[in-house]
Amino acid sequence: MAKAYDVTGIEKKWQQRWAEEGTYEVDADDPRPPWYVLSMYPYPSGAAHMGHVRNYTFGDLLVRHRTMLGHAVLSPFGFDSFGLPAENAAIKTGTHPRVFTDARIVELKESITSLGAVYDWRREIRSHDPEYIRWNQVIFQRFLEAGLAYRANAPVNWCPGCQTVLANEQVLADGTCERSGDLVIKRDLEQWFLAITRYADELLADLEGLAWPERVKTMQRNWIGRSEGAEMDLVVNGRPELALRVFTTRPDTSFGMTYAVVAPEHPLLDLLTTDECRAPVEDLRARAAASSDIERLSESSSGLAKRGAFTGSSVINPFTGQPVPVYVADYVLMGYGTGAIMAVPAEDTRDWDFAQAYGLPIVRTVQPPENWDKDGGGAYTGPGDKINSGWMNGLDIPTAKARAIDWLEAEGVGERKVNYRLRDWLVSRQRFWGCPIPVVYCPQDGIVPVPKDQLPVLAPDDVEFRPTGESPLATHEGFLHTTCPTCGGPATRETDTMDTFVDSSWYFLRFTDPWTVDRPFDPDVAGHWMPVDNYIGGIEHAILHLLYARFYTKALADLGFLPAGLREPFANLFTQGMIRMDGTKMSKSKGNLVAPSKYLTTVGADALRLFHLFVGPPADDVDWSEQTDSVIDGCARYLDRVWRLAVPGDEAEERAVVPDPRSGEPTADDLEIRRATHRLIDRVSNDYHRWSYNTAVAACMEFVNLLGPYQRSGAHQEVLDEAVDTLLLLLAPMVPHVTAEAWERRHGDHIHLRTWPVADPELAREATVTMVVQVNGKVKARLEVAPDIEPSDAEARALAAPEVVAALGGAAPKRVIAKPPKMVNIVL
RNA sequence: GCCCGGGUGGCGGAAUGGCAGACGCGGUGGACUCAAAAUCCACUGUCCGAAAGGGCGUGCGGGUUCGAAUCCCGCCCCGGGCACCA
């Protein structure tokens with residue numbers, strides 16, 4: 001496409017200007033009100049792809065718009081630079097992950113700059129910077145002091161072939177190791193945890209106040225999974241000293257408990273199992289230990305029949321005093337509640353299925369609807385009155401629940417209990433390319449934090465990457481062996497590194513004050529900018545990253561790193577849609593990436609940005625198809641039209657076509673343009689406000705459709721200037737280069753330092769509006785009326801319209817609904 | 001199975017109780033040109049009709065309302081998330 005202006009030249013020129021002049025560098029002492037815009041920092045994967053373009057277009061637009069609205073806008077950028085791809089590349093090619101990563105950062109930074117996105121690059125953070133590692137480790141040690149970081153045994157994915165723990169992502173769908181193909185098994189290992197569950201209640205409650213997409217909040221709620229119920233002791237029949245503790249959310253159904261179930265890993269299983277039953281129980285336990293979660297799940301589809309075994313013992317139902325048999329089954333998970341349940345088949349679908357398979361009795365304790373059993377029956381989990389429940393009979397479920405808990409507490413056999421699905425965060429990774437966990441193990445003193453003056457603990461460079469599945473740290477003698485900071489004796493270092501989600505849990509705080517040398521950031525400076533006003537990123541981070549970052553913010557505030565009142569990091573979250581191609585997400589792994597670079601050299605960054613804004617609502621996915629290029633061309637054509645309007649006489653040909661503008665008294669047509677100008681300000685400002693950029697662009701396109709003919713037919717100089725200047729200002733955050741250049745040619749100064757225009761309500765008011773006249777809801781006439789027309793006048797004008805008279809055919813209207821100045825409906 | 005989204009021309013989408021299809025893409029015709037490109041103008045939901053005009057139309061079926069793409073009830077389809085959590 002031939003462009004009306006020098007796209008590449010102009011875009012390069014302004015990108016340099018913004019960088020050299022530090023246009024978007026701000027400091028905490030800036031007198032303007034603070035505003036913090038942040039796009040989720042990316043994993044440096046090399047040149048930017050379309051997903052980046054979309055993400056950074058929205059972020060950049062907000063930065064520029066907020067600046068024009070008079071804010072000091074903090075707009076930092078950094079890189080989530082630890083992670084698996086660099087380490088896998090090292091294993092494959094022998095290149096050190098740092099070399100590999102740094103090269104990709106340079107590439108990504110350059111390609112983001114070429115989109116015209118502006119950042120305060122003085123604040124750049126890379127997760128693998130020694131200074132970032134230092135503060136990551138300092139924070140970890142404070143967590144350790146506070147008991148928020150601890151070591152515990154955990155069942156992890158263990159690959160026998162690789163002799164290492166695997167991340168969940170490294171376990172394939174069939175339960176095998178992605179590298180060796182061995183069957184991954186569960187194994188208990190000592191690992192580091194962060195006590196996120198301590199904040200479970202606050203993490204749940206504070207979701208209420210966040211201006212986040214509802215579905216993200218729902219996903220977090222489900223993930224936290226709070227459930228209220230009761231725990232109670234079931235005394236083992238014949239062994240009064242032994243009790244099985246169970247958790248239930250339905251204490252009201254206790255009278256219907258016809259058996260109990262323990263998880264295969266339950267510590268009492270051995271004691272409960274009688275000699276006659278030992279063989280099948282052991283068999284089941286061995287199978288559960290050897291099988292992956294995936295296998296356990298896939299077995300569930302084949303029924304519950306071979307998933308349980310009778311232990312030979314029974315426990316007393318405290319409500320009925322009757323003994324019920326105890327089973328072991330793998331549908332009960334050791335990791336949730338107490339690892340044991342009371343089974344009420346009548347009111348729980350899994351218990352129902354199990355009872356059917358093992359021929360266990362079923363007693364209904366809630367009256368199901370009339371035809372329930374005729375219609376197939378099964379477990380009934382709906383509302384209803386209590387039956388077969390002794391003193392609970394006749395109560396509704398909520399009341400019965402409360403009474404049952406009261407009873408348990410009065411009898412001293414149980415109490416109210418809240419459980420969470422959320423588990424503590426396992427942060428140990430047997431990986432090299434991550435932040436080392438800064439502790440040493442001493443045979444004398446146990447776990448000892450590395451002293452502050454020895455931080456950061458950095459991984460050594462002289463390591464060899466081999467495809468053994470083991471971190472090179474674990475076998476590096478120089479790194480591994482050290483002395484205990486407490487007793488001076490020989491000790492070994494922790495060789496695990498932290499989950500990279502730790503790095504991304506506080507980077508937005510370091511951005512506020514990245515120069516501080518004696519702590520991660522100054523609490524007051526962080527408090528000045530925080531919380532982030534606009535956080536922008538992909539929906540794929542809805543749970544993990546956003547939950548961890550919220551947890552970190554709360555914990556850091558409680559530990560004095562932040563003002564105590566700062567409870568949430570991201571006031572406002574926006575999740576932009578992804579780019580799809582042939583129905584699947586566009587991604588490097590799928591090999592269906594479209595490189596932005598080809599558009600930058602032809603239509604330019606502005607046109608590409610405009611496309612992303614115009615193509616649809618920001619939250620919606622974008623389908624990249626054969627037609628997309630023509631739409632992008634359309635955006636480029638529009639920018640040409642804007643350019644010709646704003647910089648007339650640039651081409652000799654143009655001068656001949658466009659007459660010189662007039663001066664003197666403005667005509668009615670001129671006033672119509674002024675009106676359109678001021679209405680445009682309102683419309684576009686409102687669209688920016690509600691993130692409706694596609695309609696903002698449409699409004700600007702309509703406006704140019706109006707101005708083109710106006711200019712060619714002989715415009716009034718001042719009216720045209722006002723119109724074009726306004727248009728450029730409104731477009732400036734969306735298409736920063738072309739508007740900057742056009743503005744500079746017109747006024748000599750910098751458009752992005754100008755203030756956002758404000759509409760004059762007087763000028764924006766319409767002289768007349770179109771009023772629709774309907775007869776029985778069908779449009780019959782359109783009348784031009786004054787915007788403030790009285791209902792009686794509107795009615796009279798409507799009834800007098802010739803089309804209406806014809807439609808009525810002399811009949812008297814039954815009813816007339818007048819909603820001036822928009823509409824009058826005449827009902828016959 | 002459960003929980004969210006969503007379904008509007010040939011396509012992306014607009015309209016959140018009041019003119020359905022703004023704006024753009026694509027298409028058709030025209031102006032300019034020796035010609036093309038670029039640019040500009042007009043038309044473009046569908047059916048009937050030569051036209052004037054009229055019928056139909058926002059996944060399907062009901063309902064509320066003077067009036068429904070929009071609100072309510074039931075269903076169908078598509079996309080996403082969670083999935084033995086007691």
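Every chain is numbered from 1 and lettered A, B, ... according to where its sequence line falls, protein lines coming before strand lines. What you see below is based on every heavy atom in this structure, not just the backbone, and it leaves out hydrogens, waters and symmetry mates.
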**OP:** Determine the contact category for A:Arg421: base if any of its heavy atoms lies under 4.0 Å from a base atom, sugar-phosphate if only primed atoms, P, OP1 or OP2 are that close, otherwise nothing.
**Re:** base

Original post:
Where do A:Arg423 and A:Thr197 come nearest, in terms of heavy atoms and distance?
Top reply: C-CG2, 3.6 Å

Subject >> Per A:Thr218 side chain, nearest of listed nucleotides B:C3, B:A22, B:A86 >> reply: B:C3

Original post:
Where does B:G9 land, syn or anti, given syn is within 90° of 0?
Top reply: syn

Original post:
Think A:Ser227 has a side-chain N or O under 4.0 angstrom from the OP1 or OP2 of B:A86?
Top reply: yes

Subject >> Nucleotide nearest A:Asp348 (side chain, heavy atoms from C-beta), chosen from B:A86, B:C84, B:C19 >> reply: B:A86

**OP:** List the atom of A:Ser227, the atom of A:Tyr336, and the distance in Å for their closest heavy-atom pair.
**Re:** OG-OH, 2.8 Å

Original post:
Considering only the C1' atoms, how many Å lie between B:G7 and B:A14, rounded to the nearest integer?
Top reply: 16 Å

Original post:
Which nucleotide in the set B:U39, B:G67, B:C41 lies at the smallest distance from any side-chain heavy atom of A:Arg644?
Top reply: B:U39

**OP:** Could you tell me the separation between the CZ atom of A:Arg245 and the C1' atom of B:A86, rounded to a whole number of Å?
**Re:** 15 Å

Original post:
Considering only heavy atoms and no angle criterion, is a donor-acceptor pair shorter than 3.5 Å present between the side chain of A:Arg782 and the base of B:C19?
Top reply: yes

Original post:
Rounded to the nearest Å, what distance is computed from the CD atom of residue A:Glu784 to the P atom of nucleotide B:C19?
Top reply: 15 Å

Subject >> side-chain N/O A:Arg641 vs B:C40 OP1/OP2, d < 4.0 Å >> reply: yes

Original post:
When you look at A:Phe574 and A:Trp691, which way does the ring-ring contact (aromatic ring centres under 6.0 Å, His included) test go after all the steps?
Top reply: CA-CA 10 Å; A:Phe574 188 81; A:Trp691 284 70; 4.1 Å; yes

Original post:
Which value, in whole Å, describes the distance between the P atoms of nucleotides B:G9 and B:C76?
Top reply: 22 Å

Subject >> Gap between atoms CD and C1', on A:Gln220 and B:C82 respectively (whole Å) >> reply: 14 Å

**OP:** Tell me whether the guanidinium CZ or amine NZ of A:Arg580 lies under 6.0 angstrom from the six-membered ring centre of A:Trp624 and within 45° of its axis.
**Re:** no

Original post:
Toward the 5' end of RNA chain B, which comes first, A:Gly335 or A:Gln774, by nearest nucleotide?
Top reply: A:Gln774

**OP:** Measure the spacing between CG of A:Asp621 and CZ of A:Arg54 and express it to the nearest 0.5 Å.
**Re:** 8.5 Å

Original post:
Is it true that A:Phe354 and A:Trp352 have ring centroids separated by less than 6.0 Å?
Top reply: no

Subject >> First of A:Thr770 and A:Val631 reached from the 5' end of RNA chain B, by closest nucleotide >> reply: A:Thr770

Original post:
Can you tell me how far P of B:G5 sits from NZ of A:Lys217, to the nearest Å?
Top reply: 13 Å

Original post:
With sugar-phosphate meaning primed atoms plus P, OP1 and OP2, does A:Arg221 contact a base, only sugar-phosphate, or nothing at under 4.0 Å between heavy atoms?
Top reply: nothing

Original post:
Just to confirm, is there a sub-4.0 Å distance from OP1 or OP2 of B:C25 to any side-chain nitrogen or oxygen of A:Arg637?
Top reply: yes

**OP:** Would you please confirm or rule out a distance under 4.0 Å between OP1 or OP2 of B:U39 and any side-chain N or O of A:Arg712?
**Re:** no

**OP:** Considering only atom P, compute the distance from B:A36 to B:A51 and round it to an integer number of Å.
**Re:** 31 Å

Original post:
Of the candidate nucleotides B:G18, B:C41, B:C23, which contains the atom at the shortest distance from the side chain of A:Met823?
Top reply: B:G18

**OP:** Rounded to the nearest angstrom, tell me the gap between atom CG in A:Leu333 and atom C1' in B:A83.
**Re:** 12 Å

**OP:** Rounded off to whole Å, could you give me the CD-to-P distance for the A:Gln711 and B:U39 pair?
**Re:** 16 Å

Original post:
Which stems does RNA chain B form, counting runs of 3 or more consecutive Watson-Crick or G-U wobble pairs with both distances under 3.5 Å?
Top reply: B:1-7 with B:76-82, B:10-12 with B:23-25, B:26-31 with B:39-44, B:45-48 with B:53-56, B:59-63 with B:71-75

Subject >> Separation of the P atoms in B:U70 and B:G62, to the nearest angstrom >> reply: 14 Å

Subject >> Residue A:Arg215, side-chain atoms from C-beta onward, closest of B:C66, B:A22, B:C4 >> reply: B:C4

**OP:** Nearest whole angstrom, please: distance from the P of B:A86 to the OH of A:Tyr420.
**Re:** 13 Å

Subject >> Between B:G80 (C1') and A:His541 (NE2): distance, integer Å >> reply: 17 Å

Original post:
Where do A:Tyr599 and A:Asp629 land on the side chain to side chain donor-acceptor pair (under 3.5 Å) test, with the steps shown first?
Top reply: CA-CA 9 Å; A:Tyr599 299 99; A:Asp629 277 4; 2.4 Å; yes

Original post:
What's the closest nucleotide to the A:Thr249 side chain, out of B:G24, B:A20, B:A86?
Top reply: B:A86

Original post:
When all nucleic acid strands are considered with a 4.0 Å heavy-atom cut-off, which category describes A:Glu214: base, sugar-phosphate, or nothing?
Top reply: nothing

**OP:** Check whether any side-chain N or O of A:Asn705 sits under 4.0 Å from OP1 or OP2 of B:G24, and answer yes or no.
**Re:** yes

Original post:
Are the ring centres of A:Trp425 and A:Tyr548 closer than 6.0 Å?
Top reply: yes

**OP:** Could you tell me the separation between the CD1 atom of A:Ile224 and the CG atom of A:Asp201, rounded to the nearest 0.5 Å?
**Re:** 9.0 Å

**OP:** Using the C1' atom as the reference point in each nucleotide, state the distance between B:G17 and B:C32 in Å, no decimals.
**Re:** 48 Å

Original post:
What one-letter contact string describes nucleotides 9-17 of chain B from 5' to 3', where B marks a base within less than 4.0 Å of any protein heavy atom, S marks contact via sugar-phosphate atoms alone, and - marks no contact?
Top reply: --SBSSS--

**OP:** Taking atom P in both B:U28 and B:C34, compute the distance separating them and give it to the nearest angstrom.
**Re:** 25 Å

**OP:** Would you please classify the geometry between the A:Tyr358 ring and the A:Tyr327 ring as parallel, tilted or perpendicular, with 30° and 60° separating the classes?
**Re:** perpendicular

Original post:
What interatomic distance, in whole Å, is found between C1' of B:C23 and the corresponding atom of B:U44?
Top reply: 15 Å

Original post:
Got a salt bridge between A:Arg221 and A:Glu208, using NZ or NE/NH1/NH2 to carboxylate O under 4.0 Å?
Top reply: yes

**OP:** Could you measure between the two P atoms, the one in B:C77 and the one in B:U16, and give it in whole Å?
**Re:** 31 Å

**OP:** To the nearest 0.5 Å, tell me how far A:Arg683 CZ sits from A:Tyr688 OH.
**Re:** 14.0 Å

